[in-house]
Every structure is written in structure tokens, then in C-alpha cells.
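Because the structure is a prediction, the values reported are computed rather than measured. So that the names make sense, note that chain A is the first sequence line, chain B the second, and so on, each numbered from 1. Note: hydrogens, waters and symmetry copies are ignored here, and every other heavy atom, side chains too, is used.
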Amino acid sequence: MTDTKLSPSELQGKARCLRCHIIGMTATAGSGHPGGSLSAADVVAALYFRVLRHDPRNPQWEDRDRFVLSKGHAAPVLYAALAESGYFPRELLYGLRKCDSPLQGHPDMQQLPGVEASTGSLGQGLSIANGMALAGRLDGRDYRVYVLLGDGEVDEGQIWEAAMAASHYELDKVTAILDRNRQQIDGWTKDVMSLEPLADKWRAFGWHVLETDGHDMEAILEALMAAQEVNGQPSIVIAHTTKGKGASFMENNLRFHGSAPSRDEMERGLGEIRSEEKCKACGVQYPGPC
Amino acid sequence: MAYSIRDHARPSKSKDISGTLEGSAPLKQLVSTRDAYGRTLLDLGRENKDIVVLDADLSTSTKTGLFAAEFPERHFEMGIAEANMIGTAAGLASCGKIPFASTFAVFATCRTFDQLRMSVAYPNLNVKVVATHGGISVGEDGTSHHAIEDVSLTCSLPNFTVIVVADAKQAEETVRAVAEHVGPVYVRLTRPLVPAVYEEVCNFVIGKAIRLREGHDATIIANGLMVSRALEAASLLSAEGISTRVLDMHTVKPLDTLAVRDAAAGTGAIVTAEEHLLHGGLGSVVSQTVSEHHPVPMRFVGIRDRYARSGKPDELLVLYGLTPQDIVDALKEVVDDK
Ligand SMILES: Cc1ncc(C[n+]2csc(CCOP(=O)(O)OP(=O)(O)O)c2C)c(N)n1
């Protein structure tokens, strides 16, 4: 069990490390989804290095908290967090999407330790998370289930079926985090399919709604801790984020939803992220970023 | 233009409508596959606390209500939200539960195909989808409620086991077997009462065809409610001096290829009979094995690339060519081809 109690600024360093991996991995693979991985890096760092009760040496530990990446295309941020937590060697990250790699384009729970659900077809993760929480309740276990949703993903009807069910069954061990980066593939979410008033929608479905700046580590931690205190209903943290966060030319740039940075862009991006403060967590040489 | 039922359906070559669900001797007793499911599930619930049940507002019809009444904490009513039901079952299975998810066959497969694929088949999770109301014998509710693509859809999913149940005894043994089996399973049951094929035991083993009748001129390979019809056809044929082997191929996937090869080698001609579209169902998978390993003449009794209509189950089975006489006709043709 990890007993890391990293400070917010140390967690920011972890998030930078995840961002470096995301850019390096996708650039090396020549494909993948960096934009929605970068927007979620701070939340995922907060979860894996502070909030989740998990043990990378025992991925099947029955009392572990579960994290379901419902927006499976953000696999790079999950893989980076798993590697940095110690589930598998960092070097594997740079085999992303290659034929002989367990790092599939979208997460496969059968191939990689630490992956809790096979995702990639959007809209399915919240249902799975609910099932995990129901099983935990039946078994008298106190683990929590976290699930990361995309804001485009919540166009899917199944999300709202699951939202209804989670509140019907009072699944207070379920915490959804909605990566509100305001973009999907065909454009801004407001143009593709209006979501607002989004917080009201979740409230109307019986959820406890928290909103936070998804790039402010202290605020993220505060929201995730507050969610743990909620009884009798599921909670959702709407994390306001920027797609492509970390590399200026990738931010809010639709091109980086589903295309990798070039080698030059990778160098530029890594330069920007590392210039803030040298990432100490990661010791790998190129093709690793640090 | 006046609408004609005859334009829509394949006219049965025969005026004989002896192929009613009431059956004819010796298949007199009528039994319910759904009731057998409900009772067995309740027994399993008493034996194994990991069994959990999910429903989509049809637990009265699927008979899972019996389980729900005794084990309310292990029964999850999901409302009319089948996709969410399958995903929730997947989450339960990933934490060690043995979820049985039930609804009508058409909704259990057509509405949820992507969830079956991504949340269940791909991660190979231990989810049991047990669907009632298979085929067109659903009757009056019509096409929206007829499941005629379900076997094809589920057979197309890697890791899935697919079983079409013939009668109540078999339903009972199937439900026990799939609870023991580790991995995703689709089981199809029927709405109406069906003639009993098995009395004391059925000796059901997943993936093992049951030889119900020996014969040497040809083999009928059937499943579901077509099994009793195949037996009737075999009796009619024997009166005309044609000796027919009958196999109950309850498991469509994994197919008992040995039994198929043996039928091809031993009888030299095969007719399949299923209450399903001819595309991708029992006939398709049997013919794949036959053409690969031991080509012999074949005929296919099933629904021919069309949707059925409202009507009494018996009427529909006549209208869409699923009577014992249809099997007899097909079998005579295939014997002529030998
Ligand atoms: C069911 C389904 N439909 C379409 C896609 C293709 N797709 C992949 S990502 C994406 C947009 C997702 O947007 P969002 O959820 O906002 O993710 P983010 O912007 O955070 O990357 C789409 C449409 C898919 N993966 N699954």
C-alpha cells in the first residue's frame, strides 16, 4: 500500500512528469490522444500519488480503491501514472501502441496490471464503476471507486442511465471526475452538443456536485477530500481544465485531440514543461523525456 | 397495393400445421423454460452468495422475481436501461460476483451489443446474460420483440459461450452449468410453453451435442424449440422409411465440431433447424464445419432474411417455415442430393 503523502507542490512535479511522458509517448508512437491526457494530468497525479488507496506490488488487492478511465483514449495519462507508481517499468511506456506492447491504444485490463476496466468505447465506465461499488457494498469492503469522464463523453445516454442508477442505489463510494476541457473532436462542446447547465443536470440526477480548477493542485485535493465526506449519494467533481494543458501550442488546439506531436513539437513541449522546474521524479533518458 | 402476408413470408410448402407448440405424441407435456430458470436461479442463490441478479423492468417475465423476493440485497433492478445493466454486471463481475443479467432476448443483445463487446467480451468477464423471449414464438408483440439476430450477434463475440435451450429440464441444467463456467455466456430461453424433450435428465454439458435419435440417411441438427420439431419430423420420416439422426446442438459456440463431423461422415447429409435468421446462426456455423472438414449436402430451416409479424406463435412458426413438415421437406431434398 502506498503511503506517499506528497505535498501539493510535489504533486505538481508528478503532474509535470506525467505530462512529459504523455508528450514523449505519443510522439514516439506517432499517434494517440495527447490533448485529453494532458488536461487530466493534474487530477490523475492527485489520485495516484495521494488519494487512491492502492498497492502497485499487489494490483489485485481486494480492498484497493478502483480507478476507471472511462474516457479510454486518455490512456497515456493512465499508463504514465501506473508506471510512475511502480506497476511496471517506465521503459514500457515508450512501446505505446506497438504490436508487442501491453500498452494498447486504449486500456486493456487483461494485458496491463493496474488497469481496472477495458475502455475506449465512450460512455461505459460509469456503469462499470457502479458495479464495482455495488460489489464492494455486498462484501462489506470500504474501497472507493473513481471514474474519469470526458465532457464530450457525457453526450452518451448510458452515462445518464448510470447517473440515475448511482443515485438510486446511493453509491456514495463512487466519485466521478468530469474533465471539463470544453472540447471534443468536432469542436467546442457548446457547439457540438450543449451541456450547460451541467452541474445542475448532475444535481437533478441526485449527485453531490463539486467544482474545481482542474489545474490547481490544492483545489483538486480539497474537492476529492470533500467527496469522501459525502454520505448517501454519489459525488462528481467537475474539473475545469484546458485541453492540451502544459505545452502552449497544444492548449485548446483541436489538432492534438487525436494526433501526436512531431519530434520538433515534442522537444518544444518538453522544454516548456521542464523549464518551470526540472522534473526530478523521472530518471529515464531519451526516448524517455527526462 | 393490397398487402399480402404471403408476399412477406415464405409460404410453407405444407398445409400441415401439426407443428404447433402443443406438439404431438410423444411430446405431449408442455413446460416453461423461464420458470425453470427462475427456480434454478433461486436454488443457486441459496448455494452461492456470489450470485447476483440484474433486471431491466422485466423481472416478472424473466422469472428472476423469485430470486429478488428471497435475496433483495443481491437483486439489482436497473430500470429500462439495458446498456447500463450490462456495464454494471461487468463491474460486479470484475469484483468477483457472478452476475446474471436478464431481459428479453432482443433487448439483451441488440440494444447492448457494444456493451457486451467492450465491457464483457473483450475483458472476458464472468457475466451471464440469460434472455427470455427468444425467436418469433414471442408471438403477438411482433418484430420489435422478436429476437432473430441474437445468436448471430453473440456468436460473433470472442470469449462468449452461446446456448439455445430446448426445454425446462435443459434450462435447469444449463443455468447450473453456466454458473460454474468461468467466462461470459449468453443463454436464450423461450416465452411460450414448449414440449418437453427431456424427462428425468438431459445430461447437459456445455459444448457437447446430445444425440436424441439414431439414424443413417441424414442428420437433423436443431436447437431451442426446433428440437422437439426435429423429433417429430424424424417420426414422420421414419413412417416413410427414411432413417434420421437427431442432434440437439444446444451450444452454438463453442460448436461440437466432432458431432458435426461425425454426422456428416456417418449419415452423409445434414439439415439444420433453428428459430433464428439463417445468417450467422446455427446453420451458418454448422455449415462452416461441414464445408471445412467433411462436405456433404445440406439444407437450412430457419428464417429467411426477413422480419416476422404479429400473430400466434403457432401461426408464425407455420408462416415462417419452422414446422416439422418444413424439416421433412428439407430432409427429403437433401437425401435426394446425396
Ligand atoms: C462510443 C464512442 N464514440 C465515438 C468515439 C470516438 N471518440 C474518441 S474521443 C472522442 C471525443 C471525446 O471527447 P471528450 O469526452 O470531451 O474527451 P477529451 O476532450 O477530454 O479528450 C470521440 C468522439 C469513441 N471512442 N467512442
Asks: Hey, what do you get for NZ (Lys49(B)) to CG (Asp139(A)), rounding to the nearest 0.5 Å?
Replies: 6.0 Å
Asks: Could you tell me which non-hydrogen atom of Ser118(A) sits nearest to which non-hydrogen atom of Tyr122(B), and how far apart they are?
Replies: CB-CD2, 3.6 Å
Asks: Sort Arg66(A) into side chain, backbone, both or neither according to what part of it lies under 4.5 angstrom from a heavy atom of chain B.
Replies: side chain
Asks: Checking Glu77(B) against Tyr169(A) for the side chain to side chain contact (heavy atoms under 4.5 Å, CB included) test, could you report, in this order, the C-alpha distance in whole Å, the side-chain angles of both residues, the deciding distance, and whether it holds?
Replies: CA-CA 10 Å; Glu77(B) 174 57 76; Tyr169(A) 284 102; 4.0 Å; yes
Asks: Residues of residues 94-107 of chain B under 4.5 Å from chain A (heavy atom pairs)?
Replies: Ser94(B), Cys95(B), Lys97(B)
Asks: Tell me, for Glu82(B) versus chain A, whether the close heavy atoms (under 4.5 Å) come from the side chain, the backbone, both or neither.
Replies: backbone
Asks: Rounded to the nearest 0.5 Å, what's the gap from CG on Leu125(B) to CE on Met109(A)? Could you check?
Replies: 5.0 Å
Asks: Around Arg111(B), counting heavy atoms of other residues, nucleotides and ligands shown, do more than 12 lie under 6.0 Å from its CZ?
Replies: no
Asks: So with a 6.0 Å cut-off around CZ of Arg117(B), is the heavy-atom count from everything else above 12?
Replies: no
Asks: How far apart are the closest heavy atoms of Glu73(B) and Leu138(A), and which atoms are they?
Replies: O-CD2, 3.4 Å
Asks: Quick check for you: to the nearest 0.5 Å, what is the distance between Gln115(B) atom CD and Ser127(A) atom OG?
Replies: 7.5 Å
Asks: Check this for me: Met193(A), atom CE, are more than 12 non-hydrogen atoms of other residues, nucleotides or ligands nearer than 6.0 Å?
Replies: no
Asks: Minimum heavy-atom separation for Gly87(B) and Gln158(A), please, with both atom names.
Replies: CA-NE2, 4.5 Å
Asks: Shortest non-hydrogen contact from Asn130(A) to Asn84(B)?
Replies: ND2-OD1, 4.5 Å
Asks: Under a 4.5 Å heavy-atom cut-off, does chain B meet the side chain of Ala162(A), its backbone, both or neither?
Replies: both
Asks: Quick check: are there more than 12 heavy atoms from other residues, nucleotides or ligands sitting under 6.0 Å from CD of Glu196(A)?
Replies: yes
Asks: Before giving the answer on side chain to side chain contact (heavy atoms under 4.5 Å, CB included), spell out for Ile128(A) and Thr88(B) the whole-Å C-alpha distance, their side-chain angles and the decisive distance to 0.1 Å.
Replies: CA-CA 5 Å; Ile128(A) 295 170; Thr88(B) 307; over 6 Å; no
Asks: Looking at side-chain heavy atoms only, is the closest gap between Asp114(B) and Gln124(A) below 4.5 Å?
Replies: yes
Asks: What do you reckon, is CD of Gln111(A) surrounded by more than 12 foreign heavy atoms closer than 6.0 Å?
Replies: yes
Asks: Search all heavy atoms of Glu161(A) against all heavy atoms of Ala81(B) and return the closest pair with its distance.
Replies: OE1-CB, 3.3 Å
Asks: Where does Leu54(B) contact chain A at under 4.5 Å (heavy atoms): side chain, backbone, both or neither?
Replies: neither
